[in-house]
Amino acid sequence: MNASVLRWLNPLVLIASAVLGLAIQTTVFTSYPLLYLQPDLVLIFTIWMALRRDWVEGGLLVLIFSHLQEVHSGGLRGIFLVLNMSVFLALRGSSKLLVMRSLVQLVTATLFVSILWRFALLALLAMLGLGDQHWRHTLTLVLPSAVMEGAVSVWVYRLLERLDRRTLVTGEEEDSLGSTESLEDDAL
Amino acid sequence: MIQYLRQYRIYITLFVLVLIPILALDTTTRSPREFRFADRWIVGLTSPLQTAISWILDRGVDVAQNYVFLLNVKRENTALLEENRRLLASIVSLSEEQLENRRLRKLLKFQEEFQISQIAARVIGKDASSEFRSIRINRGEAAGVRKDMAVVTSDGVVGRVFRTSERTADVVTILDLLSATDVISKRSRARGIVEGMTDELCQLKFALRTDDLEPGDLLITSGLGGIFPRGVPVGVVSQVRRPPYGITQEVEVRPNVDFSKLEEVLVITSFAST
């Protein structure tokens with residue numbers, strides 16, 4: 001298929017994947033005990049955008065993913081936009097200093113970002129004067145959620161990398177990249 | 001101009017990426033959780049997926065439960081549980097009416113009744129984030145569901161509708177940290193507001209230190225605000241703490257409804273007090 005068509009297909013497939021992921025996330029993880037292990041797929045997508053896309057494309061896609069998440073959540077409008085965009089900007093900005101190429105590094109980053117995200121939400125709610133007892137829920141779920149997101153991210157990152165390799169890399173780019181390690185080559 | 005934009009494109013992009021979420025958060029004060037333009041299309045796209053996945057999961061669970069476990073015992077148990085819930089709900093309703101009747105007879109000598117019309121709905125999805133606790137049901141504007149309608153089960157209050165689309169409605173449950181339900185204690189008539197706290201507990205806010213509240217007290221809706229009919233069970237007081245200072249006491253409430261097993265709900269479209 002034409003390289004430019006594939007290139008345009010990439011963000012569309014990502015958005016469709018986010019929609020499907022949200023549909024699964026909101027239906028499968030509804031009963032005990034899965035209720036406490038619901039992964040945040042949009043956060044995983046956000047981390048991938050921050051580390052594998054440029055500012056404009058990555059930023060726009062993060063805005064779209066966050067908006068999709070807000071449509072399926074009862075949270076305040078704008079709260080996921082603020083938090084996910086903060087994650088994107090922070091990771092994108094630090095990607096020059098912290099090079100994360102391997103799957104282990106990505107999963108580790110996911111674990112830390114998940115924990116920070118939840119505390120950032122708590123801080124944001126406190127600033128808005130809401131959820132004064134929400135810290136109990138946060139402390140209960142912060143580690144199980146981080147572990148779940150770390151576990152799920154292994155497969156999600158591999159799938160995303162496979163998608164990127166099929167739709168983003170042309171013959172010329174392959175030559176210029178040289179020997180780029182694949183996430184699938186990792187022991188994980 | 002174009003050269004200027006090109007030179008500073010990174011900073012302009014950064015500014016725009018930061019500005020959009022902040023603007024979105026700012027507009028939340030005006031229309032907190034309403035659907036924006038095109039949101040209904042997104043919901044129209046994902047709600048059939050959610051319905052299909054929920055249906056598949058429910059059928060799978062039903063098959064496992066009906067054929068792996070004892071078939072007849074489960075059927076009988078389900079029927080008995082349903083009848084038990086119905087009877088308990090009528091007992092609470094009747095005893096609440098009886099208490100109120102006695103009180104008002106003493107003062108004014110008159111009675112209050114309420115009639116409810118309702119729509120049955122099925123839960124097809126839950127909140128996309130584990131930090132908030134809303135649910136999505138498969139009845140929307142086409143079925144007559146409107147914003148701020150009460151949602152209940154035979155066990156008690158589930159929550160209220162906070163936004164609707166053509167075929168679905170989103171319900172903020174009493175477990176959500178942004179919900180607030182006016183309640184009174186059935187026993188002592190102490191008043192307060194139930195707000196969500198965790199996935200299993202709520203808190204009763206603004207309960208004065210002088211209010212008579214004990215673990216085991218049943219909290220029911222007061223009817224103030226016109227969203228919930230009066231007398232619908234909300235939850236049971238599980239813990240009461242009186243700190244050494246302040247004018248209020250800390251009360252934990254366990255909801256009557258088991259949200260981890262919530263499948264069908266009733267949307268109250270209208271109720272009347274005569």
Side-chain angles (χ1 to χ4, degrees), chain A residues 19-20 22-33 35-42 54-56 59-60 62-63 66-86 88-89 93 118 121-122 124-125 128 130-134 136-138 140-141 145, chain B residues 9-10 13-14 16-18 20-28 31-36 39 42-43 45-47 49-54 56-57 61 123-136 162-163 170-173 176-178 195-199 201 203 260-262:
Chain A
V19 169
L20 181 63
L22 280 168
I24 293 171
Q25 187 183 321
T26 54
T27 48
V28 173
F29 297 90
T30 55
S31 317
Y32 182 82
L35 188 67
Y36 298 106
L37 299 173
Q38 183 178 327
D40 188 348
L41 291 175
V42 170
D54 61 13
W55 291 100
V56 175
L60 282 173
V62 167
L63 287 176
S66 303
H67 185 71
L68 288 172
Q69 189 176 21
E70 288 191 353
V71 168
H72 293 88
S73 172
L76 288 172
R77 300 308 296 267
I79 210 162
F80 293 112
L81 279 167
V82 168
L83 289 171
N84 289 336
M85 186 50 69
S86 303
F88 172 79
L89 293 173
R118 276 172 176 73
L121 173 67
L122 198 60
L124 194 56
L125 289 172
L128 294 171
L130 300 165
D132 54 336
Q133 295 290 325
H134 194 67
R136 292 189 184 194
H137 176 78
T138 300
T140 307
L141 284 193
S145 298
Chain B
R9 65 182 183 281
I10 297 286
T13 309
L14 271 173
V16 169
L17 289 177
V18 169
I20 291 173
I22 290 173
L23 280 176
L25 195 60
D26 177 61
T27 60
T28 212
S31 56
R33 292 180 286 190
E34 297 288 339
F35 279 138
R36 293 202 185 104
D39 289 352
I42 296 170
V43 171
L45 188 64
T46 55
S47 58
L49 271 173
Q50 289 175 311
T51 307
I53 294 170
S54 295
I56 291 167
L57 284 172
V61 167
V123 177
I124 59 170
K126 293 206 175 170
D127 205 292
S129 170
S130 56
E131 305 297 323
F132 300 97
R133 290 160 212 109
S134 66
I135 58 175
R136 180 162 287 168
F162 72 96
R163 65 186 177 201
D170 290 347
V171 177
V172 58
T173 66
D176 192 272
L177 59 96
L178 298 172
E195 292 184 0
M197 194 164 64
T198 68
D199 281 327
L201 290 174
Q203 56 175 340
S260 63
K261 297 186 177 73
L262 195 61

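All chains are named by letter (A, B, ...) in the order of the sequence lines, taking the proteins before the strands, and each is independently numbered beginning at 1.
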Next item on the list: Determine the minimum heavy-atom distance between A:T27 and B:G125, stating which atoms define it.
Entry: CG2-CA, 4.4 Å
Note to self: If I measure from the heavy atoms of chain A, does B:I124 come under 4.5 Å with its side chain, its backbone, both, or neither?
What the structure shows: backbone
Note to self: Looking at chain B, which one of A:L81, A:L141, A:L41 has the largest number of heavy-atom pairs inside 4.5 Å, strictly under?
What the structure shows: A:L81
Item checked: Option that, when pairs with chain B are counted at under 4.5 Å, heavy atom only, ranks first among A:T26, A:L20, A:V19 -> A:T26
Item checked: Listed partners of A:T138 passing side chain to side chain contact (heavy atoms under 4.5 Å, CB included), at least two apart -> A:R118, A:F119, A:L122, A:H134, B:E131
Notebook entry, point to check: Should A:L22 and B:Q50 be marked as a side-chain contact (heavy atoms from CB on, under 4.5 Å) after you check the CA-CA gap, both sets of side-chain angles, and the distance that decides it?
Noted result: CA-CA 9 Å; A:L22 280 168; B:Q50 289 175 311; over 6 Å; no
Checklist line | Over all atoms of both residues, closest heavy-atom pair of A:V71 and B:R136 | finding: O-NH2, 2.9 Å
Notebook entry, point to check: For chain A, which of B:I53, B:L201, B:T13, B:I56 has the most heavy-atom pairs under 4.5 Å?
Noted result: B:I53
Item checked: Contacting region of A:Q69 [heavy-atom separation from chain B under 4.5 Å] -> both
Next item on the list: Starting at CD1 of B:I20, measure out to CG of A:L60 and round the result to the nearest 0.5 Å.
Entry: 7.5 Å
Check: Looking at B:R163 and A:E70, what are the two nearest heavy atoms and their distance?
Finding: NH2-O, 3.3 Å
Next item on the list: Please look at A:L125 and chain B and tell me whether the side chain, the backbone, both or neither of the residue comes under 4.5 angstrom of a heavy atom of that chain.
Entry: side chain
Next item on the list: Could you tell me whether a side-chain N or O of B:D127 sits under 3.5 Å from a main-chain N or O of A:G74, the two making a donor and an acceptor?
Entry: yes
Notebook entry, point to check: Quick one: what part of B:D199 sits under 4.5 Å from any heavy atom of chain A, side chain, backbone, both or neither?
Noted result: both
Check: At a heavy-atom separation under 4.5 Å, does A:F29 approach chain B through its side chain, its backbone, both, or neither?
Finding: neither
Check: How far apart are the closest heavy atoms of A:S73 and B:F132, and which atoms are they?
Finding: OG-CD1, 4.0 Å
Notebook entry, point to check: For A:V62, is it the side chain, the backbone, both or neither that has a heavy atom under 4.5 Å from a heavy atom of chain B?
Noted result: neither
Checklist line | With sequence neighbours excluded, residues passing side chain to side chain contact (heavy atoms under 4.5 Å, CB included) with A:L89 | finding: A:W55, A:M85, B:L14, B:L17, B:V18
Checklist line | Pair A:Q38, B:S130: side-chain N/O donor-acceptor within cut-off below 3.5 Å | finding: no
Checklist line | Partner chain A: residue of B:I42, B:T198, B:V16 with the largest heavy-atom pair count (under 4.5 Å) | finding: B:I42
Notebook entry, point to check: Which atoms form the tightest heavy-atom contact between A:L63 and B:P21, and what is the distance?
Noted result: CD2-CG, 4.2 Å
Item checked: Step-by-step side-chain contact (heavy atoms from CB on, under 4.5 Å) determination, A:H72 to B:T46 -> CA-CA 9 Å; A:H72 293 88; B:T46 55; 2.6 Å; yes
Next item on the list: Sort A:I24 into side chain, backbone, both or neither according to what part of it lies under 4.5 angstrom from a heavy atom of chain B.
Entry: both
Note to self: With chain B as the partner, which of A:L124, A:L83, A:I79 has the greatest number of non-hydrogen pairs under 4.5 Å?
What the structure shows: A:I79
